[in-house]
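For reference, the structure discussed in these notes is given below.
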Amino acid sequence: MELTSSKKIETNKYELEVKVGAEEFAPAVDRAFKKRAPKLNVPGFRRGKAPRSIVMKMFGEGMFYEDAVNELYPKAYEDAVEAAKLEPVAYPEIEITAVDKDGFTFKAVVVNKPEVKISGYKGIKAPKAVKTVSDDEVADELERQRKRGARILTVEDRAAKEDDTVVIDFEGFVDGVAFEGGKGENYSLKLGSGQFIPGFEDQVAGHSVNEEFDVNVTFPEEYQEDLKGKDATFKVKLHEIKEEQLPQLDDEFAKDVSEFDTLEELKKDTKEKLQKAADERAQEEFEDKVIDQVVEQLEGEIPDEMVAARMDDMMREYEYRLKSQGIPMEMYLQYMGQTSETFRESFRDGALRRVKISLALEKIAELEKIEPNAEEIEAEYQKLAEQYKKEADEIKKMIGEKDIIHDVAVTKAIDLIRDSAIPVEEAEAADEKPQKKAAKKASKDDEGEAPKKTTRKKTVKKADGENA
């Protein structure tokens, strides 16, 4: 491989011209011939037994060039990128410009990782919520535990009431004519759940097992076109009434649902767990606000292809989650009333934020000269091995050390930002922000340089991958 030319054609975009000579190309053509020749029919010879000279004369040597080019160009492209000292962030545009027995040449348009600047990422002030879990919240959590432990009992000695589950047959009529979709048998309905048309469940309450009765309702104006706003009568038969029987909130309940012997111990433990969860949420929200401020400090022109590639990643991630739930993407889009294009577009803001965060953290790691040591690299491999339930050596074959070094460095950059951040009251954080911006502007003006906008927003071109 020879990199014959490397030139910048746009911001963050380069055109490479690459030549692959005969010393690499000829063996690849030989391999292509050996792979395809057994499948070729040559008159007068058994399949795959014709001499190469006759095959070449009959079909032409160019028949095997495409296979040889496809075999060689990916590695040639990688070597050319390395020689040009570029960091691609999207798949390249490849154009084969010439091919003959002496080799081939191609052009590659490469979207390169942008040069960015960042400052002011240490000592960031951001609001952090301080929450104390109340006794009412503890009571609500214990009530949820009671509901999870409820028994469902059949009731026969009283009429149905709110919160009961009833089993009914029903059929709906408008102007005396049954309508499509208005019939059900042995349907379980929890009264007060709001599953049915307003007024329906209220009229079922008060009736007893084996009663047959009418329920009169009016369909809402936002209902389906043929029924909206119309009066309807449902013929209903009530077969069964069921009620939840909640366990008593006492020491026996505590023993049943936990390792504690008394209700007071359970309450104390519940409060501690709720407080821990609240503190973790507050910390996560605080860190998100800090990262948002870090992103605001990022200066540089972000390639549209980089954002598009991340949008594609997010789209694939979402499709994978749907598939794990047994939901095809096509069905989901139809249900949501969206096309693939409009759904993909909904990821744009999140994709841009992810790209900015990634670039900011990488730049901070570079500025701080964060270089993971051997112990940290090995620890990351061990963590991944535990996560994927594989041996560390297997993980090392799957993930190169360069990628691990990058991930550890980025993680340490996050730690640096978080550990230096200062939680403050909401008002103080709001006051601080304009002061920092004003100081930054004054600094720029002193240098004779106008303040720059962090990013530009253009129409995103389609790309399928990126390395940020």
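If you check the side chains of Y73 and E78, you find no donor sitting under 3.5 Å from an acceptor. In this structure, a donor-acceptor pair under 3.5 Å is absent between the side chains of T233 and D214.
Between the E171 side chain and the G184 main chain, no donor and acceptor come within less than 3.5 Å of each other. Proximity of a side-chain donor or acceptor of E17 to a complementary backbone N or O of F106 within less than 3.5 Å is not detected.
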(Q) As a quick check of understanding, evaluate ring pair (Phe, Tyr, Trp, His ring centres under 6.0 Å) for F104 and Y65, giving each step before the final call. (A) CA-CA 9 Å; F104 67 97; Y65 287 172; 9.6 Å; no
Q. After noting the C-alpha distance and the side-chain angles of F343 and Y332, does the key distance pass the ring pair (Phe, Tyr, Trp, His ring centres under 6.0 Å) rule?
A. CA-CA 10 Å; F343 186 63; Y332 179 80; 5.8 Å; yes
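No cation-pi contact links K7 to Y14, judged by a cut-off of 6.0 Å to the six-membered ring centre and 45° from its axis. In this structure, K228 is not positioned above the aromatic face of F219 in the sense of NZ or CZ being under 6.0 Å from the six-membered ring centre and within 45° of the axis.
D169 has no carboxylate O lying under 4.0 Å from a charged side-chain N of K183, or vice versa, which leaves the two without a salt bridge. Between E368 and K363, no side-chain nitrogen of the basic residue sits less than 4.0 Å from a carboxylate oxygen of the acidic one, so the salt-bridge criterion is not met.
You'll find the ring centres of Y91 and Y77 outside the 6.0 Å limit. Centroid-to-centroid, the aromatic rings of F170 and Y187 come within less than 6.0 Å.
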For residues 107-115, dump all side-chain donor-acceptor pairs below 3.5 Å to protein atoms at least two apart in sequence or in another chain.
residue, atom, partner, partner atom, Å
N112, OD1, E87, N, 2.5
K113, NZ, E362, OE1, 2.7

